[in-house]
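Predicted model, so just to flag it, every value in this text is computed and none were measured. Here, residue 1 is the first one in the sequence, and each next residue gets the next number.
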Amino acid sequence: MVGIYVLSSDARREINALATANGDSTQWSLAQSEVELLALLSEAQRTDLPEEEKLRNVRRRFDIYYSRVNTMRESQALAGLRTEQAAVDNLDAMSVFVDDLVPFIDGPDDALAAMLPELVTRIEAVRPLARATSILGIEHFAELSGEQRENVANALTRLGILVFVLVAALFVVVFALMRSMCRADRDAAEKLMTQRRMGVIVQTSLDAIVVVNLDGKVIEFNEAAEEVFGYTRDEIVGTKMSDSIVPPKYREGHEAGMARYIRSKEAHVVGKGRIQLEGMHKSGRIFPVEFSVSSAEGPEGEIFVSYMRDISEQVAKEEELVRARDEAVAGERAKADLVAVMSHEMRTPLNGIVGALELLRSTDLDKTQSSMADVMGTSSDMLLQHVNDVLDMSRLEAGAEEKIQRPYDPVAVTHELLESLQVAAEKSKNKLELKVLDPQFDRVMGDATKLRQILTNLVGNAIKFTKHGKIDVEIERDADGSFWELRVSDEGVGISEEDQRRIFDDFVTLDPSYTRAQQGTGLGLGIVRRLVEHLDGEIGVESTLGEGTVFWVRLPTNLAMDSQTAPKAKSETHNADEQSEIADGMNILLVEDNAINRIVADAMLKKMGHTIIEAHNGVEGVEIASRRRFDVVLMDVSMPVMDGVEATKRIRAGAGPNADTPIFAVTAHAMPADIERFVAAGMNDVLVKPLSIARLNELLNGVTVDRPVQGDDLLDHELIGDLADAVGSEKHHALVGEFIAEVDDATGRFGPEDHHLQGDALRSEIHRLAGSASVIGAPALRDRLHHVESLLVAEELADATDALKDVTEIWSVTKDALRDMLDLDGVS
């Protein structure tokens with residue numbers, strides 16, 4: 001619009017300029033000046049008029065001509081002409097002409113009459129100038145008119161272009177407006193359709209839909225919501241949701257959540273997916289609901305759309321399932337408890353039977369007695385195996401077995417096991433051989449114990465059902481190395497194809513002749529199947545009646561990395577000489593309430609060369625363990641007064657000499673949960689009853705005995721003898737008894753919690769005891785006391801506190817040595 005105004009103003013100005021030029025008739029004025037000059041000449045030359053009239057005509061024509069000249073000199077329209085030098089010169093001459101005549105024209109008549117001849121001459125002289133000026137003016141204005149016409153044409157052209165552009169723009173705008181209108185109409189139609197569709201969806205939704213605004217007021221409530229909450233749409237729309245369907249106990253939280261969201265947009269429910277909470281029916285009934293809330297923009301601002309569902313039935317079903325699960329778990333737990341109790345109750349008497357038989361067999365028996373002992377031994381071994389089978393099956397079935405992933409060498413484990421079964425194989429005249437078909441086979445990650453159980457069962461079966469035959473155990477990896485396969489093949493009686501399909505089921509026995517030949521519960525292969533599955537492997541069988549059987553076990557290879565150092569099996573930990581040396585002559589505290597078991601264990605341990613101190617319950621065991629140090633504590637678990645778990649905790653928690661002594665549970669409780677509980681109490685390992693010398697030896701072989709001071713170093717026998725000779729035996733005993741009481745009293749006050757012996761008092765006490773130890777003949781104790789004294793003098797109190805523990809330990813064994821040497825059992 002500004003452009004149009006500017007261009008139209010320009011065009012109007014040009015047109016006005018052109019119009020103004022024509023109105024002034026400037027060219028006409030220039031031409032008329034020459035005419036007026038000629039008219040003046042004509043009047044001056046007339047002779048037909050009286051003198052007075054002639055002069056009057058001359059004056060009138062001069063005035064006209066004068067005005068023409070004056071116009072040419074002053075007219076603004078002729079300003080352009082006056083810029084040309086020729087025109088200026090002509091005008092100057094014409095001005096001089098008129099200015100010279102003014103005195104005669106305005107003078108008396110006679111002077112003018114006398115001037116007329118000269119006037120004619122001057123007019124003739126100036127006439128060419130007037131013509132030239134007229135011609136210059138015509139040329140000037142012709143050129144000026146041309147320029148003005150061109151300007152007008154250009155202005156009109158620009159105006160036309162702008163008008164065209166504006167018209168085009170108007171068309172574009174009109175087109176865009178029409179399109180916008182069409183789109184708006186289409187959007188409005190779609191929105192209307194969407195609203196209608198959403199309305200239908202909301203009203204027909206199976207879930208309750210409740211829409212509220214930022215004020216918490218309900219603005220939409222569908223039919224499903226009416227059914228779920230009992231309110232009609234008319235009753236609830238416009239009311240606050242927290243006053244109706246939100247249970248009272250949630251209303252404060254609901255309002256606080258809405259306020260928080262409005263204030264900070266921090267959402268705890270909006271957009272968080274499905275949430276389970278409770279809703280309230282119109283009747284006041286509280287019921288569980290599942291809902292999700294999302295926000296959207298409504299016509300009047302943000303709104304919240306809630307999809308709700310009454311999940312009362314679902315929750316009831318879930319609770320029913322939970323109850324069923326709990327009952328099932330309780331049933332399984334009861335089953336496991338029953339198995340554990342039965343196992344314990346059976347193992348306890350078995351412990352006495354097996355142990356007594358083992359001791360009985362080591363005595364001199366006649367042939368009949370030996371035969372009967374063998375029968376009892378075989379029977380007890382079978383009974384124990386049955387108990388073990390049931391317990392293993394219960395563990396595996398309950399998933400209670402931990403999946404162990406430790407590096408081990410399958411070839412070495414298999415070779416070791418076959419070595420132990422060679423005797424049994426030779427008894428049946430069988431040849432037992434190991435074939436490793438993959439020489440590059442290396443260590444793998446897994447459970448070597450489970451592999452031994454599998455091999456024991458499979459190879460044991462092969463030995464049982466093969467006579468005078470060959471049994472091969474082959475180890476080979478598959479082509480891609482992901483699995484390795486163990487095959488046990490025999491040349492035994494074989495298994496029919498029908499029996500092969502059920503041979504891994506529990507309590508399955510085969511044909512009568514087969515079962516009569518060998519007694520069993522039929523659990524062995526069922527347990528093997530569970531063990532293999534526990535190791536993420538597969539097991540299968542191929543057999544032909546009368547020709548033999550092949551059992552194959554396929555296990556994941558899972559090679560062990562070099563950085564994974566395999567813990568060596570106990571059999572690999574020490575060689576035979578080391579085992580004998582370490583296991584020999586231990587001081588063992590046996591805590592056992594069962595007299596039979598105590599007698600059996602005591603006899604076995606003494607037969608192995610150990611020194612045994614017995615305790616009849618946990619309290620007695622803790623008390624004895626607080627007085628002297630032992631190399632090992634064998635702790636029964638179920639005991640009167642105080643059980644083994646509590647006794648172990650007290651020994652570990654105290655500052656006594658056995659706080660770090662290896663403590664082994666000797667128990668019939670063999671369930672994994674029980675074992676975890678024993679280890680958590682501080683026990684180092686568990687020896688499941690029944691006991692045998694072999695198992696005790698295996699357990700004790702893993703114990704490293706820390707004996708910093710040998711018995712001979714504890715006492716200076718020569719000095720003790722001299723002292724006894726000097727004061728007499730009775731007084732010597734009294735002195736030693738006083739010394740023991742004195743040191744017992746002092747060491748009882750050496751705990752870290754005792755502060756009254758700090759500084760000089762403690763140093764004096766230590767110095768005095770060291771002197772007494774030196775006199776009595778206890779050099780090891782004396783040296784320990786002197787060491788503590790030196791630390792106290794150096795004010796190294798932390799090290800002195802640690803050294804006091806050594807004093808307590810060395811005193812425990814020194815006291816026992818003194819009592820043994822002088823037979824001072826009555827001295828505590």
Side-chain angles (χ1 to χ4, degrees), residues 351-352 354-363 570-571 573-618 620-637 639 644 647-648 651 656-667 682-714 809-810 812-817 819-821 825:
N351 184 50
V354 173
L357 276 174
E358 188 168 354
L359 292 172
L360 182 63
R361 285 164 145 175
S362 65
T363 62
K570 289 181 177 179
S571 60
T573 306
H574 308 285
N575 57 40
D577 295 337
E578 289 172 339
Q579 292 173 12
S580 176
E581 180 182 350
I582 292 173
D584 184 40
M586 288 186 181
N587 295 313
I588 298 176
L589 173 61
L590 174 63
V591 186
E592 171 65 74
D593 68 307
N594 187 288
I596 297 175
N597 289 340
R598 195 167 57 245
I599 293 171
V600 171
D602 183 85
M604 287 183 174
L605 292 168
K606 284 182 176 176
K607 187 177 181 64
M608 294 165 64
H610 303 303
T611 300
I612 311 303
I613 300 296
E614 296 181 1
H616 297 173
N617 54 57
E620 191 175 329
V622 172
E623 196 277 331
I624 294 175
S626 67
R627 287 192 281 110
R628 56 170 296 186
R629 179 175 176 82
F630 293 92
D631 298 323
V632 172
V633 176
L634 298 179
M635 181 74 73
D636 187 18
V637 174
M639 292 183 292
T648 300
I651 292 174
N658 293 290
D660 58 351
T661 297
I663 301 176
F664 299 107
V666 181
T667 177
M683 296 182 178
N684 295 73
D685 205 342
V686 178
L687 180 60
V688 179
K689 294 176 180 177
L691 300 180
S692 67
I693 292 177
R695 300 181 67 193
L696 280 170
N697 195 46
E698 181 181 2
L699 178 74
L700 298 178
N701 279 340
V703 178
T704 301
V705 179
D706 182 16
R707 292 173 181 168
V709 180
Q710 299 298 319
D712 293 342
D713 299 329
L714 290 174
E809 293 181 3
I810 199 67
S812 176
V813 293
T814 300
K815 183 171 63 175
D816 290 341
R819 290 190 303 188
D820 292 343
M821 184 186 73
D825 291 341

Heavy-atom closest pair, residues Met635 and Ala647 = CE-CB, 3.8 Å
Residues forming a side chain to side chain donor-acceptor pair (under 3.5 Å) with Asn594, sequence neighbours excluded = none
Any donor-acceptor pair under 3.5 Å from Arg598 side chain to His616 backbone = no
ask   = Between the side chain of Asp631 and the main-chain N/O of Ile588, is any donor-acceptor distance below 3.5 Å?
value = no
request  = Let me see the working for Leu687 and Phe664 under side chain to side chain contact (heavy atoms under 4.5 Å, CB included), right down to the final yes or no.
outcome  = CA-CA 7 Å; Leu687 180 60; Phe664 299 107; 5.5 Å; no
task = Could you walk me through whether Glu620 and Val591 pass side chain to side chain contact (heavy atoms under 4.5 Å, CB included), step by step?
result = CA-CA 8 Å; Glu620 191 175 329; Val591 186; over 6 Å; no
query = Any idea which heavy atoms bring Ala665 and Met683 closest together, and the distance?
reply = CB-SD, 3.1 Å
request  = Locate the shortest heavy-atom distance separating Leu589 from Ala625; write the atom from each residue and the value.
outcome  = CD2-CB, 4.1 Å
request  = Working to the nearest 0.5 Å, report the span between CD of Glu623 and CG of Asn617.
outcome  = 10.5 Å
ask   = Yes or no on side chain to side chain contact (heavy atoms under 4.5 Å, CB included) for Asp602 and Leu605, after CA distance, side-chain angles and deciding distance?
value = CA-CA 5 Å; Asp602 183 85; Leu605 292 168; over 6 Å; no
query = Leu634 and Val632: which non-hydrogen atoms are nearest, and at how many Å?
reply = CD2-CG1, 3.9 Å
ask   = If you measure from CG on Leu590 to CG on Asn597, what distance do you get to the nearest 0.5 Å?
value = 9.5 Å
inquiry  = For Ile624 versus Ile613, what's the shortest heavy-atom pair and its separation?
reply    = CG2-CG2, 4.1 Å
ask   = Within a strict 4.5 Å, meaning less than it, do heavy atoms of the Lys606 and Ile612 side chains meet?
value = yes
task = Kindly give the heavy-atom pair with the smallest separation between Ile651 and Asn658, and that separation in Å.
result = CG2-O, 3.3 Å
key: For Asp816, salt bridge (Lys or Arg N to Asp or Glu O under 4.0 Å) partners two or more places apart   = Arg628, Arg819
